[in-house]
Amino acid sequence: MAGVSSCMKYSMFIFNFLFWVCGSIILGVSIWIRVSKDAQQVCSHTRTFVFAGVDLLIAVGSIIMVLGFLGCCGAIKESRCMLLLFFIGLLLILILQVTGGILGAVYRSQIETSLNKTLLENVNSLRNTTEEAKVFQGKFQKFERMNQCCGLLNGPSDWGKNFNIPIGGNKACECELENPSSDLCTFFEGRYVYKTPCKEVIVKYLKDHLLIIMGIAFGLAVIEILGLGFSMSLYCQIQRK
């Protein structure tokens with residue numbers, strides 16, 4: 001009976017160690033996005049959309065670290081049980097990734113509709129005068145100044161009657177530049193305000209981070225297919241031993 005190839009065995013170990021490192025990177029990047037100041041600011045308006053994807057990556061990163069550990073131990077100890085668990089876990093992750101990508105493409109219009117609905121609800125908060133709304137308005141003004149934007153969907157008109165009411169010493173959308181440019185600021189109701197609706201800033205943030213997520217997912221899929229091949233080859237060699 002043929003023995004287990006040392007080359008295959010240690011190649012599998014190195015591969016799974018790199019796989020474990022990839023899981024650590026995904027977990028670290030996901031946690032960084034989750035706790036970053038920009039994410040907290042954006043997610044106060046679109047928390048569900050951003051955090052759902054980031055939380056999924058945190059879970060995937062953790063699972064990959066566990067699978068990498070199983071693969072390393074299975075290769076060194078020549079354990080068929082560990083290698084089989086590694087193969088099944090990796091295959092399930094790959095299926096979930098493909099399913100998630102298909103669902104994201106199919107329901108893209110529904111996601112955009114849901115985002116617009118969420119933003120519209122927040123526009124109503126900008127126009128209200130309740131204490132809860134005032135807290136939201138104060139936080140949103142900070143977001144406007146940080147990102148040099150105004151309102152959510154329609155610019156300064158989103159603020160309604162609250163447009164000229166100071167909150168924390170500042171009025172909504174106030175263009176703080178010494179020499180406001182026509183590209184960045186516009187004249188509205190007697191003062192210069194930021195021109196860009198904050199929806200554009202939020203959508204850009206989501207698209208930028210979606211590209212990061214898609215890049216990670218694509219690279220991970222390639223690694224997973226290699227891992228499936230390595231683990232099954234080594235499993236068959238151990239079985240024939």
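Quick caveat, the model's predicted, so the values are computed rather than measured.
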If you count the non-hydrogen atoms of other residues, nucleotides and ligands that lie under 6.0 Å from [atom1] in [X], is the total more than 12?
{"X": "Glu132", "atom1": "CD", "result": "no"}
{"X": "Phe188", "atom1": "CZ", "result": "yes"}
{"X": "Phe187", "atom1": "CZ", "result": "yes"}

Nearest-0.5 Å distance, [atom1] of residue [X] to [atom2] of residue [Y]:
{"X": "Asn147", "Y": "Glu200", "atom1": "CG", "atom2": "CD", "result": "12.0 Å"}
{"X": "Cys73", "Y": "Leu85", "atom1": "SG", "atom2": "CG", "result": "11.5 Å"}
{"X": "Cys72", "Y": "Phe15", "atom1": "SG", "atom2": "CZ", "result": "10.0 Å"}
{"X": "Leu119", "Y": "Leu153", "atom1": "CG", "atom2": "CG", "result": "5.5 Å"}
{"X": "Leu27", "Y": "Ile58", "atom1": "CG", "atom2": "CD1", "result": "6.5 Å"}
{"X": "Gln148", "Y": "Cys173", "atom1": "CD", "atom2": "SG", "result": "12.5 Å"}

Within the structure provided, determine whether [X] and [Y] are in side-chain contact (heavy-atom separation under 4.5 Å).
{"X": "Asn162", "Y": "Gln137", "answer": "yes"}
{"X": "Leu152", "Y": "Ile202", "answer": "yes"}
{"X": "Leu90", "Y": "Phe19", "answer": "yes"}
{"X": "Tyr235", "Y": "Gln239", "answer": "yes"}
{"X": "Leu67", "Y": "Ile93", "answer": "yes"}
{"X": "Leu126", "Y": "Asn122", "answer": "no"}
{"X": "Met12", "Y": "Lys9", "answer": "no"}
{"X": "Met146", "Y": "Lys142", "answer": "no"}

*Determine, for cysteines Cys149 and Cys198, whether their SG atoms are under 2.5 angstrom apart.*
yes
*Taking only residues two or more places apart in sequence, or in another chain, which ones meet Cys22 in a disulfide (SG to SG under 2.5 Å)?*
none
*What pairs with Lys77 under salt bridge (charged side-chain N to carboxylate O under 4.0 Å, His left out), at least two apart in sequence or on another chain?*
none
*What orientation do Phe140 and Trp159 show, parallel under 30°, tilted 30 to 60°, or perpendicular over 60°?*
tilted
*Residue list, ring pair (Phe, Tyr, Trp, His ring centres under 6.0 Å) with Phe13, at least two apart or on another chain*: none
Which atom names give the shortest non-hydrogen contact between [X] and [Y], and what distance separates them?
{"X": "Asn164", "Y": "Lys171", "result": "O-CE, 3.6 Å"}
{"X": "Pro156", "Y": "Val193", "result": "CG-CG2, 4.2 Å"}
{"X": "Ala133", "Y": "Asn128", "result": "CB-CB, 3.6 Å"}

*Kindly indicate whether a cation-pi arrangement holds for Arg191 with Phe163, taking the cut-offs as under 6.0 Å to the six-membered ring centre and within 45° of the axis.*
yes
*Counting N and O atoms only, with roles assigned by atom type, does the side chain of Arg80 sit under 3.5 Å from a partner on the main chain of Ile238, one being a donor and the other an acceptor?*
no
